[in-house]
Amino acid sequence: QSYKVISKIIRLVAWMPPNGRREFQEVIVDDCSEEDVLCNLVRRVRNHCDETVRRAYHRQRLSPEIWEDLMFLQLMWGANEAIAKSLDQSLTMQPEVCEQEVGLSCSQTLKQLGSQSLRGSPAATSLIDRFSIAATTMRQPVPATDFHLQSLAEELVPPELEF
């Protein structure tokens, strides 16, 4: 039942014009950027792709569904990248308020989080610098390994037909 539903959604997106797919990707970025939601969505799409490859193997022919599924998984990859970039930009943006306006509560919070170790660091001389040190590396909401298709690792597709 769920395989058929996901197949219909993927087919609908696959047959959209490129602008429609971009809009759909933006919807995913805007409405599914929460890590748990995105991970669950990617997992379902990846499992669907794996199942489509396995079905094609049993039928001994490549079907258009494989390409549609892979295109949809690539769309999810692009959404994941866009979300990661957005998160990275939001974490590294300098606030528009003066450091003195941030107030005592931030200083107290930093103390509670163990910021004393950062005080001796020349790179963390101000309160704003201490916040930016915490967010220096970009991390994708969904790790790249979550996009890997297990069915391809199972060598179900003959080498002459591999993607």
Side-chain angles (χ1 to χ4, degrees), residues 1-96 106 109-110 112-115 118 128-163:
Q1 178 82 7
S2 67
Y3 181 84
K4 286 184 178 183
V5 171
I6 293 174
S7 291
K8 288 181 180 189
I9 293 169
I10 289 175
R11 170 137 310 155
L12 177 69
V13 173
W15 286 95
M16 286 180 177
N19 289 341
R21 288 193 297 269
R22 271 191 291 281
E23 295 272 337
F24 184 77
Q25 189 176 42
E26 289 175 16
V27 167
I28 292 171
V29 170
D30 292 341
D31 297 337
C32 302
S33 60
E34 193 172 309
E35 190 171 345
D36 291 342
V37 173
L38 191 62
C39 284
N40 188 28
L41 189 57
V42 168
R43 181 182 50 78
R44 287 177 180 265
V45 170
R46 185 196 62 232
N47 289 342
H48 185 272
C49 289
D50 279 332
E51 181 61 26
T52 301
V53 170
R54 288 183 185 107
R55 287 179 183 209
Y57 171 75
H58 290 296
R59 284 186 255 153
Q60 291 296 307
R61 68 177 182 87
L62 291 178
S63 63
E65 290 85 16
I66 291 175
W67 310 115
E68 293 168 354
D69 290 359
L70 293 176
M71 185 271 320
F72 196 85
L73 192 62
Q74 185 177 9
L75 188 137
M76 297 299 297
W77 173 270
N80 189 48
E81 291 288 315
I83 292 167
K85 182 185 266 186
S86 174
L87 288 172
D88 185 50
Q89 288 174 348
S90 68
L91 290 174
T92 58
M93 283 178 48
Q94 294 290 331
E96 294 181 10
C106 286
T109 302
L110 285 171
Q112 291 173 356
L113 293 175
S115 68
L118 292 174
I128 292 173
D129 289 337
R130 289 183 211 156
F131 276 111
S132 62
I133 284 175
T136 56
T137 59
M138 185 171 94
R139 184 182 72 84
Q140 297 173 330
V142 180
T145 55
D146 286 6
F147 288 90
H148 295 179
L149 296 180
Q150 182 63 35
S151 58
L152 297 181
E154 295 168 1
E155 299 180 6
L156 295 178
V157 180
E160 64 272 9
L161 297 177
E162 284 186 1
F163 311 109

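Computed from a predicted structure; not experimentally measured.
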Between P18 and R22, is any pair of side-chain heavy atoms under 4.5 Å apart? yes
I10 side chain near M71 side chain, heavy-atom distance below 4.5 Å: no
Once rounded to the nearest 0.5 Å, what's the spacing between atom CG of L70 and atom CG of L75? 12.5 Å
Could you walk me through whether N40 and R44 pass side chain to side chain contact (heavy atoms under 4.5 Å, CB included), step by step? CA-CA 6 Å; N40 188 28; R44 287 177 180 265; 3.6 Å; yes
Do E154 and Y57 have side-chain heavy atoms sitting under 4.5 Å apart? no
Could you tell me whether the side chain of T52 reaches within less than 4.5 Å of the side chain of H48, counting heavy atoms only? yes
For A14 against R21, the heavy-atom pair lying closest together: O-NH1, 3.2 Å
Could you give the distance from CD (Q25) to CE (M16), rounded to the nearest 0.5 Å? 12.0 Å
Could you tell me if the side chain of Q150 sits less than 4.5 Å from the side chain of R54, heavy atoms only? yes
Distance from D69 atom CG to S63 atom OG, nearest 0.5 Å? 8.0 Å
Search all heavy atoms of N80 against all heavy atoms of L38 and return the closest pair with its distance. OD1-CD2, 3.5 Å
How long is the straight-line distance from SG of C32 back to CE of M76, given to the nearest 0.5 Å? 7.0 Å
What is the minimum heavy-atom distance between L149 and C49, and which atoms define it? CD2-CB, 3.5 Å
Please report the closest heavy-atom contact between P141 and C39, naming both atoms and the distance. O-SG, 3.8 Å
For the residue pair F72 and F24, does the interplanar ring angle fall in the parallel (under 30°), tilted (30 to 60°) or perpendicular (over 60°) class? tilted
Pairwise side-chain contact, F147 with R46, heavy-atom cut-off 4.5 Å (strictly under): no
